[in-house]
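Quick caveat: nothing in here was measured; it's all calculated off a predicted structure. Just so we're on the same page: letters track the sequence lines, and every chain starts at 1. Below, each value reflects all heavy atoms present in this structure, side chains not excepted, and no hydrogens, waters or symmetry copies.
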Amino acid sequence: MSEVARLSAQEQGSRAMSISERAARVSRPTPSYLESLNPEQRRAVEAIDGPVLVLAGAGTGKTRVLTTRIAHILSLGKARPSQILAVTFTNKAAREMKERVAAVIGGQSEGMPWLGTFHAIGTRILRRHAEMVNLSPDFTILDTDDQIRLAKQVLQAENIDEKRWPARQMLGMIDAWKNRGLTPEEVPKSEGDYFANGKGVGLYKLYRDRLKALNAADFGDLLLEPIRLFRANPDILADYQSRFRYMLVDEYQDTNVAQYLWLRLLAQGNRNLCVVGDDDQSIYGWRGAEVDNILRFETDFPGATVVRLERNYRSTSHILAAASHLIAHNEGRLGKELFTDFTDPDEVPVTVASSWDSEEEARAINEEVESLQKKGASLDEMAILVRTTAQMRAFEDRFVTTGTPYRVIGGPRFYERKEIRDALAYFRCVTQPAYDLAFERIINVPARGIGQVSVRLVSEAARAEGIPMIAAATDLLSTDEVKGKARTGLAGLVASLERWRSQLDTMSHTELAEIVLEESGYTDMLKADRSADAPGRLENLKELIRSMEEFDSLPAFLEHVSLVTDAQGEAGGEAVTLMTLHAAKGLEFDVVFLPGWEEGLFPSVRALDENGQAGLEEERRLAYVGLTRARKLAFVWFALNRRIHGMWQSSAPSRFVDELPEGHVMVREEAGYGGIGSYGRSRFDEVETFSSSYHTPGWARAQRRREDVPRHRRHVPTTIDGELVAKTVTEKPSAYAVGDRVFHQKFGNGDVAQVEGNKLTVDFDKAGRKRVIDGFVTRV
DNA sequence: ATTGGTTATGTTTTT
DNA sequence: CATAACCAAT
């Protein structure tokens, strides 16, 4: 730990080492877990007190530092497991950290109740203090479907045309506010004006009121409400501040303003906050992440210890060089350069290849997979990382026909499948009779003669009386207002729900779940369904029941489901992994395939269109993340033609392909792989040629629509309490000026002739005039 | 009220 | 292309 950091920690009145602790430390032998760390990692681990910022490049042992740090704190006796707050971004990361901490300290990580995602920890805090934020402790967490349902109801109640102002868009707007930690009252005036003729903020308020009335929270609330709680109740905040002696945050570059505020409130106590992140891997800007949080850290926490981890243990030098060169094209960076001491004599440059179309791309990659497998590589060590989920289909088709085992991560999510949510809705109706959204979902599934008219009748009665819909339905049945089929159906459903509820205590939850699905007629409905996917759906339901066995009760299971959205790696044997680039962050493989490097797809036109330069840079970071997943081999691939919205389009190679460094790339030039002659081209003979991509009707429609939607939030500086919290990355002036004498690795010495951002035009003595990135020259 | 068929509409990434 | 929304017929 640096002297400065320790002094400043003491000055701030935070918990410093006692005399005895300091004396004891001297004679204690270096614990074995520290010995395997390099000096920088060790510095990051040992700087325990006071604020610490760890800038950790890809593959530099970031998770290792975090877990070792926890182990170190525990073994020094500085805190008990329950006094450490460790926050991650994804469930996957939380799971991994739990396992790794357990491995280091030996199985007691169960005792770390505060290790989890922001959302999980937020939920935990909220349940404890639910009354303080107008909820009851058993509040429900809404999924996206329910949110949309609710938003639609609000829009309908306000007589707003859902065509013109879709519920999705309204939710997007509200979510953006929540991500910035803003309640309706705090939203800057006029910000929601563009929506439904100035009703934006009002709708937020109504939506929020409805949530409270339903005793429900959406994902945004899990961050926003704890902030509100802490601000309104200094005593509660103080309690948590002293509880959490040490705080660690993973993937800090992905935090949004709400998360930042949440952390800042907690860290104002003892300031023992350690954040780990990599600005080059910030890929969630579209979701409200603020890279500026990481750039601001030293300002927020003066005297912070800053550690840079740049020694890479993962990839070959070719892969590192390719990734570094690519990312150097970004301007808004803190600037890190990965390096490795280790050079494998057999290492191979990054391969760049192209295919005629997306199907052939899948075919060629599949062949590559097979040939590597023949040479002894394991399928588990290969991954195909795509930009969009739509790209997965071609690979799946191919793998199925060739019988290559594969596993999809993060595709269509298990808990988001229709049959699963229907089943869950039934279960929720049993455990939480007041959860109207679930009731509405299943009221007529399977069809029991309750149409729109009857549903409206029930919901209006419920609204008028201020009671849950199930109760309102019971009341209505005692009158003559519902007749015929609807009456029989509704009466049957209400009676069944009642009966199941009474069985809650007398039978196991899995048994009850089966009974519910059986007696409701849901399984019968699927059995009668002759469509191709019906058997699969039944299978999914069985899988659902099976997964419930791990939990003690129905409510416990439902709680788990609402927070865990990823179907974790289905067991199975060896298989190639297929996933999005976003899902790949934090993982590594021996062999990585990066298909679809085409303009428009990657970088995505949408990112460019909506966020311009910042969007492009985020896409480039995504490419960087993709490359740095590879340990030994990386294949960059692009197709010359791709089907978009069902129409074949010709596509241009991604600009990222040409941003790779010549010396570390091997272009595959043979037209091998069965190729064009036998297969392909003829199919395109009748296809018209496109002067540029993106002329589909769908695209044209999308463009038209975009025009009348003001680009909110784009140019709005982020402020909280009038204080600037985060600014958008502005163009950083180059460190060089015209006339400077510079040296370039490849071109030698020269004079700067022109400066544009970070791009320099240099007149080199030998090589002549070249455009270069300023990161690649040094002042002479 | 349900059905089957048409047509409009949309696609990045995820807690 | 794939799904949601919509409409006419039962």
Side-chain angles (χ1 to χ4, degrees), chain A residues 87-94 116-123 141-144 147-148 152 162-163 166-169 175 178-179 217-223 251 254-256 258-259 282-289 385-394 409-413 415-416 418 444 446-455 483-486 488-489 531 562-566 579-585 596 600-611 615 618-619 621-622 625-626 642-648 694 696-706:
Chain A
V87 214
T88 64
F89 215 66
T90 65
N91 293 301
K92 200 163 60 187
T117 63
F118 276 102
H119 297 268
I121 289 170
T123 307
I141 299 164
L142 257 51
D143 57 31
T144 320
Q147 284 187 55
I148 291 178
K152 279 186 177 163
E162 285 176 64
K163 284 266 163 63
R168 282 192 159 282
Q169 199 188 334
D175 200 50
K178 289 191 175 178
N179 283 156
D218 63 14
F219 270 107
D221 288 335
L222 300 179
L223 302 172
E251 307 281 15
D254 287 332
T255 52
N256 61 34
Q259 287 159 334
S282 159
I283 54 176
Y284 286 105
W286 53 274
R287 206 171 78 186
L385 309 182
V386 295
R387 176 68 248 264
T388 70
T389 46
Q391 287 170 259
M392 292 184 181
R393 174 173 298 259
I409 303 221
R413 289 143 176 284
Y415 291 118
E416 282 175 14
K418 196 158 122 252
N444 201 32
R448 46 174 74 89
I450 306 166
Q452 279 183 352
V453 187
S454 315
V455 175
K483 296 175 283 286
K485 261 205 212 156
T488 343
S531 62
S562 42
L563 284 174
V564 175
T565 47
D566 59 350
M579 64 180 142
T580 63
L581 287 160
H582 283 89
K585 192 162 68 151
L601 179 63
F602 188 39
S604 135
V605 247
R606 225 177 132 182
L608 264 47
D609 187 51
E610 289 175 9
N611 290 304
E618 181 152 315
E619 296 285 296
R621 290 193 291 267
L622 206 44
V625 168
R642 190 170 290 274
R643 204 195 279 264
I644 294 165
H645 304 315
M647 293 247 274
W648 284 102
Y694 301 98
T696 61
W699 187 252
R701 260 182 274 129
Q703 291 294 344
R704 233 176 290 126
R705 182 148 327 113
R706 205 187 311 282

> Check the angle between the aromatic planes of Phe118(A) and Phe89(A) and answer parallel, tilted or perpendicular using the 30° and 60° thresholds.
perpendicular

> Considering just the side-chain nitrogens and oxygens of Thr90(A), establish if one lies under 4.0 Å of OP1 or OP2 belonging to dT14(B).
no

> Within the pair Lys152(A) and dA5(C), is there a side-chain N or O less than 4.0 Å away from OP1 or OP2?
yes

> What integer number of Å spans the P atoms of dC6(C) and dT11(B)?
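The answer is 16 Å between these two P atoms.
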
> So, is Thr389(A) near the phosphate of dT11(B), with a side-chain N or O under 4.0 Å from OP1 or OP2?
no

> Please report, rounded to the nearest Å, how far the C1' atom of dT15(B) is from the NZ atom of Lys585(A).
12 Å

> Students often get this wrong, so: under 4.0 angstrom with heavy atoms, is Arg621(A) touching a base, only sugar-phosphate, or nothing?
nothing

> Would you say Ser454(A) places a side-chain N or O within less than 4.0 Å of OP1 or OP2 belonging to dA1(B)?
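Yes.
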
> Start with the C-alpha gap between Arg448(A) and Thr488(A), add the side-chain angles, then the distance that decides, and say whether side chain to side chain contact (heavy atoms under 4.5 Å, CB included) holds.
CA-CA 8 Å; Arg448(A) 46 174 74 89; Thr488(A) 343; over 6 Å; no

> If you compare all heavy atoms of Lys178(A) against all heavy atoms of Ala258(A), which two are closest, and at what distance to 0.1 Å?
O-CB, 3.6 Å

> How far does CD of Glu619(A) sit from CG of Leu601(A), to the nearest 0.5 angstrom?
9.0 Å

> Under 4.0 Å from OP1 or OP2 of dA1(B): is there any side-chain N or O of Arg448(A) that close?
no

> Starting at atom CG of Asp221(A), determine the distance to atom P of dT15(B), rounded to an integer number of angstrom.
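It works out to 18 Å between those atoms.
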
> Tell me the interatomic distance from Asp218(A), atom CG, to dT14(B), atom P, rounded to whole angstroms.
19 Å

> Between dT14(B) atom C1' and Leu223(A) atom CG, what is the distance in whole Å?
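Spelled out: CG on Leu223(A) to C1' on dT14(B) is 13 Å.
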
> Going from CD1 on Ile141(A) to NE2 on His119(A), what distance comes out if it is rounded to the nearest 0.5 angstrom?
10.5 Å

> Using whole Å, report how far NE2 of His119(A) lies from C1' of dT15(B).
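Taking NE2 of His119(A) and C1' of dT15(B), I get 4 Å after rounding.
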
> How many whole angstroms separate atom CD1 of Ile148(A) from atom C1' of dT14(B)?
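Distance, rounded to whole Å: 14 Å.
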
> Within the pair Asn444(A) and dT2(B), is there a side-chain N or O less than 4.0 Å away from OP1 or OP2?
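Indeed, a polar side-chain atom of Asn444(A) lies that close.
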
> Does Ala607(A) or Phe89(A) map to a spot on DNA chain B nearer the 5' end, using the closest nucleotide for each?
Ala607(A)

> Give the rounded distance in Å between these two atoms: CE of Met579(A) and C1' of dT14(B).
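The distance from CE of Met579(A) to C1' of dT14(B) comes to 15 Å, rounded to the nearest Å.
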
> Within the 4.0 Å heavy-atom criterion, would you say Phe118(A) contacts the bases, only the backbone, or no part of the nucleic acid?
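It contacts nothing in the nucleic acid.
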
> Looking at dC1(C), dT13(B), dA2(C), which one has an atom nearest to any side-chain atom of Arg393(A)?
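The closest nucleotide is dA2(C).
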
> Could you check Thr388(A) against Thr117(A) and say which one's nearest nucleotide on DNA chain B is further toward the 5' end?
Thr388(A)

> Quiz question: going by heavy-atom distance under 3.5 Å, is there a donor-acceptor pair between the base of dT13(B) and the side chain of Arg287(A)?
no

> Grab the CZ-P distance between Arg168(A) and dT14(B) for me, whole Å please.
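It works out to 14 Å between those atoms.
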
> Identify whether any heavy atom of Phe602(A) sits under 4.0 Å from a base atom; if not, whether one sits that close to sugar-phosphate; answer base, sugar-phosphate or nothing.
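No contact.
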
> Does the side chain of Phe219(A) reach to within under 4.5 Å of the side chain of Asp175(A), using non-hydrogen atoms?
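Not touching, per the 4.5 Å side-chain cut-off.
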
